[in-house]
Amino acid sequence: MKPLILIAALFFSASLCNAQTYTPLQLAKKLLSKEPFDNLKSYCTGEFDGHPNGSDIAPGIKLSFLTLKETDKLAMINVTITRDSQQFDSYLFFEKDTIWKVSAFRALAMTGIIAKINEDLKAFSPQQVDSVIAARHTVKKDNRMFKSKSEYQYLLGNTSLTLASDSALILHFNNNKDAFEKTRETLVAKGITSLDNGTRDMKGIDDVRKQLKLLFIDNVYPNSNSTKNTLTFLIGGILDNAVGYMYIPNKTDMPEITASNFILIRELGNGWYLYKTT
């Protein structure tokens, strides 16, 4: 072996020996700790450049961690960020070669517009809600933000749920479990999961759409692209950045959690799952 190659090989070997090994959960806590993380770059891979880390965490922020996935080579940790009474969920992805390394950081993206709409809706007084509904408009052009009190309540509930923490999303489902299950059964009975000449039947579900609005669900549809026999109950989001619930009768049809598509899948029981995409 040539001297330079030998020196490089010995140096690389020594670096591996000196790198402390962490579990994904330990590494997540170390990364976001306020204490200095020496040799941080040695624990980064792929697109992850070392940020966010503990130096990016504002004062008064509390963090909690939950392992959502861990195999021999891949792992995912849910990081819940709490400030006062507000919670926000993010997700760290890990890959393992000789040691575990952080490969990506994800959260539901492009929520700024939704947050602004939600803020505006919350600021309306009852009198202002009535004023918007009663505002003048033409048949051809109606720029009202909402046209009835029920539509106002739906928009407020839907945008709040889109921005909600994972724990709040799970609570919403559990509090309305019977209604979700009844809606699913009705949709299946109406043939929404069956094919007719290559087209799924989405007609005759106006009564179901009313129930979906009461659950703050924007839309429901079969998702045969990524999973089989799956119903997706979309809450909201912008473009590919979406949050909602899925019904997947067979676990073998469940999509993989990855940093490039389904960034979150949490089992809710009896074939139901909470999901987020990016």
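The structure presented is a predicted model; accordingly, all values stated were derived computationally and were not measured.
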In this structure, CE of Met246 is separated from CG of Asp253 (nearest 0.5 Å) by 11.0 Å
Under 4.5 Å between side-chain heavy atoms, counting indirect links through other Ile/Leu/Val/Met/Phe/Trp/Tyr residues: same cluster for Ile99 and Leu40 or not?
yes
Problem - Other residues, nucleotides, ligands: >12 heavy atoms within 6.0 Å of Asp120 CG - result: yes
**Message:** Checking the side chain of His172 only, and the main-chain atoms of Ser167 only, is there a donor and an acceptor separated by less than 3.5 Å?
**Reply:** no
**Report entry** Evaluation steps, side-chain contact (heavy atoms from CB on, under 4.5 Å), between Arg106 and Lys276
**Finding:** CA-CA 10 Å; Arg106 291 289 184 269; Lys276 288 180 183 176; over 6 Å; no
Honestly curious: do Leu155 and Leu234 fall in one hydrophobic cluster under the side-chain, below-4.5 Å linking rule? yes
Query raised in the report: Just wondering, do Leu31 and Val102 contact through their side chains at under 4.5 Å, heavy atoms?
Result: yes
Should the pair Lys149-Asp130 be classified as a salt bridge under the 4.0 Å nitrogen-to-oxygen rule? yes
Q | Connected via hydrophobic side-chain network under 4.5 Å: Ile113 and Val243 | A | yes
| message | Count I, L, V, M, F, W, Y as connected when their side-chain heavy atoms are under 4.5 Å apart, and connections chain through other members. Are Ile238 and Leu264 then in the same cluster? | response | no
Could you check whether atom NZ of Lys147 has more than 12 heavy atoms from other residues, nucleotides or ligands sitting under 6.0 Å from it? yes
Heavy-atom closest pair (Ile257 atom, Lys69 atom, distance to 0.1 Å) is O-NZ, 3.2 Å
Handout entry: pair Leu161-Leu169: side-chain heavy atoms closer than 4.5 Å
Key = yes
Do the side chains of Tyr247 and Thr183 get nearer than 4.5 Å, heavy atoms only? no
| said: I'd like to know if the side chain of His51 pairs up with that of Asp56 as donor and acceptor (distance under 3.5 Å, no hydrogens or angles considered). | reply: yes
Given the options Trp272, Phe180, Phe233, Tyr245 meets ring pair (Phe, Tyr, Trp, His ring centres under 6.0 Å) only with Phe180
Would you confirm whether the ring centroid of Tyr91 sits within less than 6.0 angstrom of the ring centroid of Phe105? no
Practice item. Taking the six-membered ring for Trp and the full ring for Phe, Tyr or His, determine whether the centres of Phe48 and Tyr43 are under 6.0 Å apart. Key: no
For Phe88, does its backbone N or O pair with a side-chain atom of Ser165 as donor and acceptor, under 3.5 Å? no
Rounded to the nearest 0.5 Å, the OG1 atom of Thr80 sits from the CG atom of Leu63 at a distance of 9.0 Å
task = In sequence, state the C-alpha distance, the side-chain angles, and the governing distance for Phe94 and Met76, and then conclude on side-chain contact (heavy atoms from CB on, under 4.5 Å).
result = CA-CA 6 Å; Phe94 302 79; Met76 174 191 171; 5.8 Å; no
- Go through the steps for Asn158 and Asp218 under the test side chain to side chain donor-acceptor pair (under 3.5 Å), then give the verdict. CA-CA 8 Å; Asn158 175 263; Asp218 177 67; 5.5 Å; no
- Are side-chain heavy atoms of Asn241 and Thr277 found at a separation under 4.5 Å? no
Checking Asn78 against Asp89 for the side-chain contact (heavy atoms from CB on, under 4.5 Å) test, could you report, in this order, the C-alpha distance in whole Å, the side-chain angles of both residues, the deciding distance, and whether it holds? CA-CA 7 Å; Asn78 175 197; Asp89 285 281; 3.2 Å; yes
* Would you say the side chains of Asn261 and Thr258 form a donor-acceptor pair under 3.5 Å? -> no
ask   = Heavy-atom distance under 4.5 Å between the side chains of Phe65 and Leu32, does that happen here?
value = yes
Next on the checklist: Between Arg144 and Glu151, does any NZ, NE, NH1 or NH2 come within less than 4.0 Å of an OD or OE carboxylate oxygen?
Outcome noted: no
- Task: Would you indicate whether the side-chain heavy atoms of Leu68 and Ile265 approach each other to under 4.5 Å?
- Result: no
Output for pair (Gln211 CD, Ile217 CD1), nearest 0.5 Å, gives 10.5 Å
(message) Keeping Thr23 on the side-chain end and Gln26 on the backbone end, is there a donor-acceptor pair under 3.5 Å?
(response) yes
Ser150 backbone acceptor or donor facing Gln153 side chain under 3.5 Å:
no
Is Lys29 paired with Glu35 through a side-chain N to carboxylate O contact shorter than 4.0 Å?
-> no
- Item | Intermediate values then yes/no, side-chain contact (heavy atoms from CB on, under 4.5 Å), Lys122 and Leu156 | CA-CA 7 Å; Lys122 286 180 176 178; Leu156 178 59; 3.6 Å; yes
Heavy atoms of Ile263 and Leu108 approach each other most closely as CD1-N, 4.2 Å
Cluster overlap Met254 with Leu74, hydrophobic side-chain contacts below 4.5 Å
no
In short, Ala123 meets Gln128 closest at the heavy-atom pair O-OE1, 3.5 Å
Rounded to the nearest 0.5 Å, the NZ atom of Lys73 sits from the NZ atom of Lys96 at a distance of 7.0 Å
For this session: Could you walk me through whether Asn53 and Ser55 pass the side chain to side chain donor-acceptor pair (under 3.5 Å) test, one step at a time?
Result: CA-CA 5 Å; Asn53 61 48; Ser55 66; 2.5 Å; yes
- Message: I'd like to know if the side chain of Lys30 and the backbone of Tyr22 have a donor-acceptor N/O pair within less than 3.5 Å.
- Response: no
Regarding Asp178 and Lys182, does a basic nitrogen lie under 4.0 Å from an acidic carboxylate oxygen? no
d(Ile61 CD1, Thr82 OG1) to nearest 0.5 Å is 8.0 Å
Heavy atoms of Lys34 and Gly54 approach each other most closely as NZ-O, 3.2 Å
Between Asp166 and Leu274 the two heavy atoms that sit nearest each other are O-CD2, 4.1 Å
Cation-pi check, Lys213 onto Tyr154 ring (under 6.0 Å, within 45° of axis) | yes
I want to check something: taking the side chain as every heavy atom from C-beta on, are Ile248 and Tyr273 in contact at a cut-off of under 4.5 Å? yes
State, yes or no, whether a side-chain contact exists between Ser42 and Lys101 at a heavy-atom distance under 4.5 Å.
no
d(Asn270 CG, Arg184 CZ) to nearest 0.5 Å is 9.5 Å
Looking only at heavy atoms, the pair that brings Trp100 and Leu27 closest together is O-CD2, 3.5 Å
